[in-house]
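To start, the structure itself, in structure tokens.
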Protein chains: 2
Amino acid sequence: MTEKALQQLKTAEIEKISHLDYFNIGITVDCVILGYDEKELKVLLIKSDMQEFSGLYSLLGDFIKPDEDLETASYRILKERTGLDDVYLEQVHTFGGLKRHPSGRVITIAYYSLIDIRNHKLQLSHNELHWHPVTEIRKLAFDHKLILDTCLGRLREQVMEHPVIFNLLPEKFSLRELQELYEAILGVELDRRNFRKKISIKDWLVDIDEMENNVPHRPGRLYTLKKQYKTKGSGTKVLALH
Amino acid sequence: MTEKALQQLKTAEIEKISHLDYFNIGITVDCVILGYDEKELKVLLIKSDMQEFSGLYSLLGDFIKPDEDLETASYRILKERTGLDDVYLEQVHTFGGLKRHPSGRVITIAYYSLIDIRNHKLQLSHNELHWHPVTEIRKLAFDHKLILDTCLGRLREQVMEHPVIFNLLPEKFSLRELQELYEAILGVELDRRNFRKKISIKDWLVDIDEMENNVPHRPGRLYTLKKQYKTKGSGTKVLALH
DNA sequence: TAATAAATATGTACTTACGACACATTAATT
DNA sequence: AATTAATGTGTCGTAAGTACATATTTATTA
């Protein structure tokens, strides 16, 4: 058997195998990185580098490495793009449509992440990275608009049951800021007085001024989430804002 | 070259390819098929055919085919195993741990499905398939116990907000059956009278007897879900059982 | 600097939902 | 026919939700 014949045999086997089921599918992770700034919910996007989508923006994603599990891959993308590593991250949905990627079959696992844009550690990796208000987004590359909407839907659900919203705010915040953030996420207007009541009834917050023995009871005072509720995971602590 | 040498070569190539980046990851779909019978929530399991897990049961799953999207694959598995094709199915979570499958990297997308065990169309494909009460399951093959628990958790959430529970019941059912099913899923006891109130206040149900002009108002009467709430998808109709 | 405007903090009244419980009615059992 | 078990309906007290009013503090401006 000649070397060439052997090579042909190998190639044939490779062909065969790579056309076998289960071997020709790419796996990526896409991150919907959400922040809150200027009274708007924003998502971090990058200009798509694919010809098919020239001019369009896309979510931040990458192929997973063979020795990397899904959470590790998402944290890696977040760290690479934002410099942050202690962030809230949650898997939302896996998208596996046949035609979703122009260059072949790619299945993507979508995560969403909540970060504090005003965090001083935030350091975007690229000039091509920008924050876009979610209300202004009409079209994205791939099926990323669908992914974004799915994640926003999940966020709206989560926000009603879990204290995830505080990941979008700085350590100290006013009640008005918190309310405006709820309104931005839920797309509704809330009564200022009733909102305040729900929050305080639930005993989530610490009054910074009272805690530090400053002059209490002046308007515009700042609060922080009580320690026992602070969690980067989805957590079990319930904050129902029904 | 002997047949044996050729076989070795093939095996070697397969080994090689299976270590390439992005090409050596298998994708499967696993279905947590849930039913309700004898006042218990049950899951359909099969005896694992892998040596590593001899004696253990596993969920029903399969590799996805290259030309098959995720939902299609799940419906195929369901159809193959149960003969049913008009069922409730929902994606829950994707599991991608490095060590979850003994023969290599396999990522699995988990779905759960709700079916009516008493449906006459139900036809199990195998003698090895059995219904197991979920409360009695301690250990499963792979990470399938984790997958099962994740799906049960999702079901408990869904059941509080959406009318998915009716997929587990036959067309006609008594209020007591419905209540016992809620109790089985949520793991709590409910007050019969208050439960009844919540249900009827929400105006979900049709009294079969009244509808068919039989003698109304006798005990043990049967109900059915109103048409406008019937949906195989997650739906938007809300049935909050807070 | 005093008057006005804007934003904040707290309170009240009405309505609705929830949870615990009592009682009447029908079907099955003895 | 009497007893038991299960089903159907109602009441009441409490907690939560919603709408709205008023007072206080800070910012603005004449």
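Every chain is numbered from 1, with letters handed out A, B, ... down the list of sequences. These values consider heavy atoms only, across backbone and side chains, with no hydrogens, waters or symmetry-generated copies.
- Not a single salt bridge (charged side-chain N to carboxylate O under 4.0 Å, His left out) links B:R192 to another residue, sequence neighbours left out.
- Not a single donor-acceptor pair, N or O on each side, falls under 3.5 Å between the base of C:dA7 and the side chain of A:R176.
- Within the structure, salt bridge (charged side-chain N to carboxylate O under 4.0 Å, His left out) pairs that include any residue of residues 117-139 of chain B comprise B:R118-B:E177 (at least two apart or interchain).
- Going from atom CZ of B:R193 over to atom P of C:dA20 covers 10 Å, rounded to whole Å.
- Within a 6.0 Å radius of NZ in A:K145, other residues, nucleotides and ligands contribute more than 12 heavy atoms.
- Rounded to an integer number of Å, the gap from A:L190 CG to D:dT18 P is 9 Å.
- The separation between A:D191 atom CG and C:dA9 atom P is 14 Å, rounded to whole Å.
- With sequence neighbours left out, B:D49 forms a salt bridge (charged side-chain N to carboxylate O under 4.0 Å, His left out) with no residue at all.
- Atom CZ in B:F195 sits about 12 Å away from atom P in D:dT7, given to the nearest Å.
- Every residue two or more places apart in sequence or in another chain was checked for a salt bridge (charged side-chain N to carboxylate O under 4.0 Å, His left out) with B:R156, and none qualifies.
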Polar atom pairs between nucleotides 12-14 of chain C and protein, under 3.5 Å, N or O only, would you list them?
{"unit_1": "C:dT12", "atom_1": "O4", "unit_2": "A:K197", "atom_2": "NZ", "d": "3.1"}

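- With sequence neighbours left out, A:R76 forms a salt bridge (charged side-chain N to carboxylate O under 4.0 Å, His left out) with A:D62, A:E68, A:E80.
- Rounded to a whole Å, the CZ atom of B:R192 is 13 Å from the P atom of C:dA22.
- Following rounding to the nearest Å, A:E189 (CD) and D:dA19 (C1') show an atom-to-atom distance of 15 Å.
- Put simply, CD on B:Q179 is 13 Å from C1' on D:dG8, counting in whole angstrom units.
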